Amino acid sequence: MKLTILGGGGFRVPLVYGALLGDHAEGRVTHVTLHDLDEGRLSAIARVLADQAEGVPDAPAVTATADLDEALRGADFVFSAIRVGGLEGRAADERIALAEGVLGQETVGAGGIAYGLRTVPVAVRIARRIAELAPDAWVINFTNPAGLVTEAMSRVLGDRVVGICDSPVGLGRRVARVLGANPDEAWIDYVGLNHLGWLRGLRVGGRDVLPRLLADEEALGSFEEGRLFGPEWLRSLGAIPNEYLHYYYFNREAVHAYRTAERTRGAYLRDQQGAFYEEMGKPGTPALDTWHRTLADREATYMAANREAAGIGERDEEDLESGGYEKVALALMRAIARDERTTLILNVRNGSTLSVLDADAVIEVPCLVDANGAHPVSVAPLPYHAVGLVTAVKTVEREVLAAVESGSRATAVKAFALHPLVDSVSVARRLVEGYTAEHPGLAWLRS
C-alpha cells in the first residue's frame, strides 16, 4: 500500500513514519512518497526517516519528489500536511493581527482567516489533481485550518477526504486519566468544529463520569485544561472546552500575552525549525537525535502564551503527551484499508448530525470508521452558547470559501469582520490591506 505525504519535508513527518514502523500487519503501508517544494527540507526529513528505519527489516520504502503528479500517481492514501507561505507566513499573520490588537493565531481569529485565504486555493488545486490522478485514494487532511481546508477539499472529493486533529483525543485522554479510566475503553462525547469543540461527557461502562470530575475541585484543577480555564468556569460550562477555546473565553488576556511575548509562536517555530534545517544541512549531523531534541523543545513550549495568561506556568510532564495525530491517522487508515472498525473523533461532513448546520458543513465529532469511510454518530444538540460560536465561525469559514471562489475583496473583508474575535469592520479592512501587502499568495485580493 502506498502513502503519499504532501508537505513531506515538514518537521512532524517523522511522527507519522514512526507510527508506520510499528505496524507489521498484513495490508500495511509498504511505500511512502514524500512531496515538498523545498528539496532541502525533503532531504533533511528523508535522512531522519532513514535513521528511524535503521534495523527495521520491513520498514516502508521512502522516496522523495518535488513533482506533485509523480507523488500522487498510484497512491492509496494521501496525507495533506502543507503550509502555504511557510512559517514566515505564519509569523507575519500573527504580527499583522497583533498590530491591530486582535488575535493572529494560525487557526483562530484573524490569523486563521489569513491562513485559510492563501491555503484554500492551493488545497483545492491539489484536490483536483488527486481526483484526476488518484481517484480511489483516501485523503487525510492535516493542513490547518483543518476544518476549513477539509470542507474546501470535500467540495471536490466528497467524503473521501477526512480531517484529523489530535487536540480532542489528547483532551479525552487527560480527562480519562484524571478519572482513573482507560481512555481506550471510554466513549468521549465531543462535538464542535476543529479547534472549537467541547467534551460534554465521558462514558465508562455506559455511565457518564464527567459530573464526578466537575464536582471535584482538586481533580478539576490537576490537568492542562483545568488549569488553563479554571475549575469555576468549567463547572459553569458543565463541559471541558478544547484548549483553543481559551482564545475566545480569555481573549483579552491571550492577546495581551502574545503582544508582550518576546516572540509569537509562529516566530519561535520559524526560528527553531530554521535552525533545525540549517543544522541538518551540515555533513555528519546526527539526524534523528537532532530531530528528537528539537521536538522536545517544541512540545514543551506549546501554547506557552496562553499558560502565561492563565498564570499556570510550564506544562506538566504528563500533559506533554498529545492525542498523537499520527496514531489517529494510522488508526483511520487501518479502519478503511482493512475494515478494522473503530471510533475516532474526526472532521467530516455534517449530514444530519448537528441540526444548526447544513449537511455539507465539516464538523468535528466522534465517527464510526470502516471500509466505507468515516460516519458521524448522532450527538445531543449543542447548548445555545456553543451554537452561537459554532454558527458564527462556520459563517466566517463559508465567507472565506466564497472569497476564494469569487476573488472578491469585499467578501474577504466580510469574513474578517464577522469573526467573533475581530471587533470592527474598520479593523477588518485594515487586516485585508495588511495581509495582501505581505503575502504574494493573496495578490488576487489586491483589486
Side-chain angles (χ1 to χ4, degrees), residues 94 97-98 100-113 144-147 165 167-168 170-172 174-175 178 188-202 210 213-215 217 219-261 264-265 302-313 315 319 345 354 356 363-364 381-397 416 418-424 427:
E94 294 168 337
L98 290 172
E100 291 292 339
V102 297
L103 187 71
Q105 205 275 336
E106 72 164 334
T107 62
V108 177
I113 296 170
N144 278 325
C165 179
S167 289
L171 171 58
R174 286 188 287 275
V175 170
V178 170
I188 302 171
D189 176 9
Y190 181 94
V191 63
L193 306 179
N194 180 239
H195 289 180
L196 190 77
W198 297 261
L199 188 155
R200 305 182 301 178
L202 190 83
L210 184 62
L213 175 61
L214 293 171
E217 178 89 11
L220 197 53
S222 68
F223 63 104
E224 178 84 345
E225 286 76 11
R227 290 188 291 272
L228 193 61
F229 293 100
E232 182 181 356
W233 182 237
L234 297 185
R235 282 196 296 269
S236 296
L237 291 175
I240 314 296
N242 183 297
E243 59 201 346
Y244 282 82
L245 273 155
H246 190 265
Y247 294 115
Y248 292 87
Y249 294 144
F250 296 91
N251 179 251
R252 182 173 296 192
E253 293 84 354
V255 170
H256 175 74
Y258 271 79
R259 295 186 83 176
T260 56
T264 62
R265 178 65 173 175
Y302 178 66
M303 294 193 80
N306 299 75
R307 293 196 305 280
E308 179 181 343
I312 61 174
R315 298 178 81 185
D319 287 330
I345 299 172
L354 287 179
V356 296
I363 60 175
E364 191 168 75
L382 288 165
Y384 283 142
H385 71 85
V387 168
L389 278 176
V390 164
T391 54
V393 172
K394 181 54 68 175
T395 297
V396 170
E397 292 183 354
F416 283 100
L418 290 178
H419 198 282
L421 301 183
V422 177
D423 57 0
S424 166
V427 169

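Starting from 1, each residue takes its place in the sequence as its number. Because the structure is a prediction, the values reported are computed rather than measured.
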Point to revise | All pairs passing salt bridge (charged side-chain N to carboxylate O under 4.0 Å, His left out) where residues 387-396 contributes a residue, at least two apart | key: Glu151-Lys394, Lys394-Glu397
**Study point:** Distance in Å, Glu100 CD paired with Phe416 CZ, rounded so as to fall on 0.5 Å steps
**Key:** 11.0 Å
Practice item. State, with a plain yes or no, whether a side-chain heavy atom of Ile240 is found less than 4.5 Å away from one of Phe223. Key: yes
**Study point:** Interatomic distance, Leu228 atom CG to His246 atom NE2 [nearest 0.5 angstrom]
**Key:** 4.0 Å
Review point. Roughly how far, to the nearest 0.5 Å, is the CG atom of Leu213 from the CZ atom of Arg235?
Key: 10.0 Å
Practice item. Looking only at non-hydrogen atoms, find the nearest pair between Pro145 and Gly112 and report the distance. Key: CG-O, 3.5 Å
Check your understanding: Side chains of Val390 and Leu382: does their closest heavy-atom pair fall under 4.5 Å?
Key -> yes
Practice item. Check side-chain contact (heavy atoms from CB on, under 4.5 Å) between Ser236 and all other residues, then give those that pass, not counting sequence neighbours. Key: Trp233
Review point. Passes side chain to side chain contact (heavy atoms under 4.5 Å, CB included), Thr264 versus Leu98? Steps please.
Key: CA-CA 10 Å; Thr264 62; Leu98 290 172; 3.7 Å; yes
Point to revise | Residue pair Asp189 / Leu199, side-chain heavy-atom distance below 4.5 Å | key: no
Exercise for review: Of all the heavy-atom pairs spanning Gly104 and Ala97, show the shortest one and how long it is.
Suggested key: CA-CB, 3.5 Å
**Study point:** Spacing of CG belonging to Asn144 relative to NE2 belonging to His195, to within rounding of 0.5 Å
**Key:** 5.5 Å
Exercise for review: Mark yes or no for whether Gln105, through its side chain, and Thr107, through its backbone, hold a donor-acceptor pair below 3.5 Å.
Suggested key: yes
Revision key, fill the gap. Here the pair of heavy atoms bringing Leu202 nearest to Gly172 is CD1-O, 4.3 Å
Exercise for review: Determine, stepwise, if the pair Val191 / Leu354 fulfils side chain to side chain contact (heavy atoms under 4.5 Å, CB included).
Suggested key: CA-CA 9 Å; Val191 63; Leu354 287 179; 3.8 Å; yes
Check your understanding: If you look at every heavy atom in Asp423 and Val427, which pair is closest and at what distance?
Key -> OD1-CG2, 3.9 Å
Practice item. Check Ala239 against Leu214 and note the closest heavy-atom contact, atom names and distance. Key: N-CD1, 4.3 Å
Point to revise | Ring geometry between Tyr247 and Tyr244 (parallel below 30°, tilted from 30 to 60°, perpendicular above 60°) | key: tilted
Exercise for review: Check side-chain contact (heavy atoms from CB on, under 4.5 Å) between Pro241 and all other residues, then give those that pass, not counting sequence neighbours.
Suggested key: Trp198, Phe229, Leu234, Leu237, Leu245, Tyr249
**Study point:** Side-chain heavy-atom pair Leu103, Val108 within 4.5 angstrom cut-off
**Key:** yes
Exercise for review: Would you indicate whether the side-chain heavy atoms of Glu243 and Leu171 approach each other to under 4.5 Å?
Suggested key: no
Check your understanding: Any side-chain heavy atom of Arg200 within less than 4.5 Å of one from Leu210?
Key -> no
**Study point:** Basic-acidic side-chain contact under 4.0 Å: Glu225, Arg174
**Key:** yes
Review point. Does the side chain of Glu364 come within less than 4.5 Å of Ile345's, by heavy atoms?
Key: yes
Review point. Are any of the side-chain nitrogens in Arg265 or Glu106 under 4.0 Å away from the carboxylate oxygens of its partner?
Key: no
